[in-house]
Structures are given as structure tokens and as C-alpha cells.
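Beneath this line is the structure, given in C-alpha cells, with notes to follow.
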Amino acid sequence: QVRLVESGGGLAQAGGSLKLSCAASGRTFSSSPMGWFRQAPGKEREFVAAITWNSGGTDVAESVRGRFTISRDHAKDVVFLEMNSLTPEDTAVYYCAARWTPDRRGLFRSVDDYTYWGQGTQVTVSS
């Protein structure tokens with residue numbers, strides 16, 4: 001069974017930091033483009049960050065630029081999202097996603113670009 005499991009979520013104060021992890025099992029995604037998305041109550045799932053299959057490039061949403069960083073450990077097949085200077089507007093369920101298609105070059109911002117999804121981890125930022 002293919003699974004992506006997020007961890008590291010929780011409660012943080014405004015201005016604080018959290019680091020999310022996404023671990024794969026059942027299939028290796030160490031050569032797949034990966035992404036992070038988030039969904040706040042009553043809102044659509046939105047792009048947060050993406051990383052290329054070889055860590056050659058990253059992309060982050062404008063709303064988190066300069067605060068969030070995506071990275072990955074290919075050997076351990078884990079993707080990270082480091083979140084700094086958190087604000088209450090960052091409160092959401094955060095999802096990890098993996099793209100599993102022959103076309104793996106580039107950075108992907110759309111929900112439809114990804115094949116596998118984790119169950120999500122809650123991040124709550126208090127003011």
C-alpha cells in the first residue's frame with residue numbers, strides 16, 4: 001500500500017516555527033516531484049511549496065515566500081517543510097503530495113498535477 005504520512009504539525013504561537021515531515025512507504029518517491037498544500041476551513045486546497053525530482057529547484061507560494069522552505073532527503077525518502085514567522089493565517093491542514101507520471105521535470109503547483117496524497121497534519125497558529 002502506497003502511503004505518504006505527514007508529521008510535525010501542532011500548535012504554534014504567531015512568530016514561531018514548525019517543521020513538517022512527509023515520509024513515504026510502499027513506493028519510493030525519491031525521484032518524484034513533491035509538493036506541499038494546505039487547506040483552511042471553508043477554503044479550497046492551495047499550493048504552498050514544490051520541489052523538483054532531483055532537488056534542483058524549489059517553488060513557494062507568494063504568501064509564504066521568505067518564511068517557508070521546502071527540502072528533501074533523497075536517501076531517506078522524506079520531504080520537509082520548514083515554516084518560520086508563522087501567522088494565524090497559516091492555520092490549516094497541511095498535505096504532502098507526490099507526482100507519479102513519466103513527466104517528472106519541473107515544478108508543479110496544481111492539485112491535479114499530483115498522484116498521491118497524505119492524510120494531512122493540522123497546523124494551528126495562535127495570535
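Residues satisfying the side chain to side chain donor-acceptor pair (under 3.5 Å) test with T124, not counting sequence neighbours, are Q122. Residues satisfying the side chain to side chain contact (heavy atoms under 4.5 Å, CB included) test with T101, not counting sequence neighbours, are R99, D103, T115. The side chain to side chain donor-acceptor pair (under 3.5 Å) check on N54 picks up T52, with sequence neighbours excluded. In this structure, the side chain to side chain contact (heavy atoms under 4.5 Å, CB included) partners of T28, at least two apart in sequence or on a different chain, are S30, D77.
The closest side-chain heavy-atom distance from V79 to F29 is not below 4.5 Å.
Identified under the salt bridge (charged side-chain N to carboxylate O under 4.0 Å, His left out) test for residues 32-43, with sequence neighbours left out: R38-E46, R38-D90.
A salt bridge links E62 and R109; the closest N-O separation between the charged side-chain nitrogens and carboxylate oxygens is under 4.0 Å.
Counting only distance, with no hydrogens or angles, the side chain of R104 and the backbone of S32 share no donor-acceptor pair below 3.5 Å. With hydrogens and angles disregarded, a donor-acceptor distance shorter than 3.5 Å links the side chain of E6 to the backbone of Q119. No donor-acceptor pair under 3.5 Å is formed between the side chain of R27 and the backbone N or O of V2.
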For this session: Before giving the answer on side chain to side chain contact (heavy atoms under 4.5 Å, CB included), spell out for L4 and M34 the whole-Å C-alpha distance, their side-chain angles and the decisive distance to 0.1 Å.
Result: CA-CA 11 Å; L4 294 172; M34 301 290 291; 4.3 Å; yes
Problem set entry | Residue pair L20, T121: steps toward the side chain to side chain contact (heavy atoms under 4.5 Å, CB included) verdict | CA-CA 8 Å; L20 307 183; T121 185; 4.0 Å; yes
Problem set entry | Intermediate values then yes/no, side chain to side chain contact (heavy atoms under 4.5 Å, CB included), M83 and S17 | CA-CA 5 Å; M83 307 185 295; S17 300; over 6 Å; no
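Summarising the geometry, atom CG belonging to N84 is positioned 6.5 Å from atom OG1 belonging to T69; distances are rounded to the nearest 0.5 Å. Here the OG-CD distance, from S63 to E89, works out to 10.0 Å after rounding to the nearest 0.5 Å.
By the neighbour-count criterion of 12 heavy atoms within 6.0 Å, atom CZ of R3 is sparsely surrounded, having that number or fewer from other residues, nucleotides or ligands.
Of all heavy-atom pairs between S21 and V78, the closest is CB-CG1, 4.2 Å. The two residues T87 and V125 have their closest heavy-atom pair at O-CB, 3.3 Å. Minimum heavy-atom separation, A40 to A92: N-CB, 3.8 Å. Nearest heavy-atom pair, A14 versus S127, reported as atom, atom and distance to 0.1 Å: CB-CA, 4.2 Å. Of all the heavy atoms in L86 and L18, the pair that sits closest is CD1-N, 3.9 Å. Scanning all heavy atoms of the two residues, the minimum distance from L81 to A49 falls at CD1-CB, 4.0 Å.
Judged by the 6.0 Å and 45° rule, R105 forms no cation-pi pair with W53.
Here Y95 sits in one hydrophobic cluster together with F37, F47, V93, F108, V111, Y114, W117; the rule is ILVMFWY side chains under 4.5 Å apart, joined directly or through other members.
Classified by interplanar angle (parallel below 30°, tilted 30° to 60°, perpendicular above 60°), the ring pair Y94/F68 is tilted.
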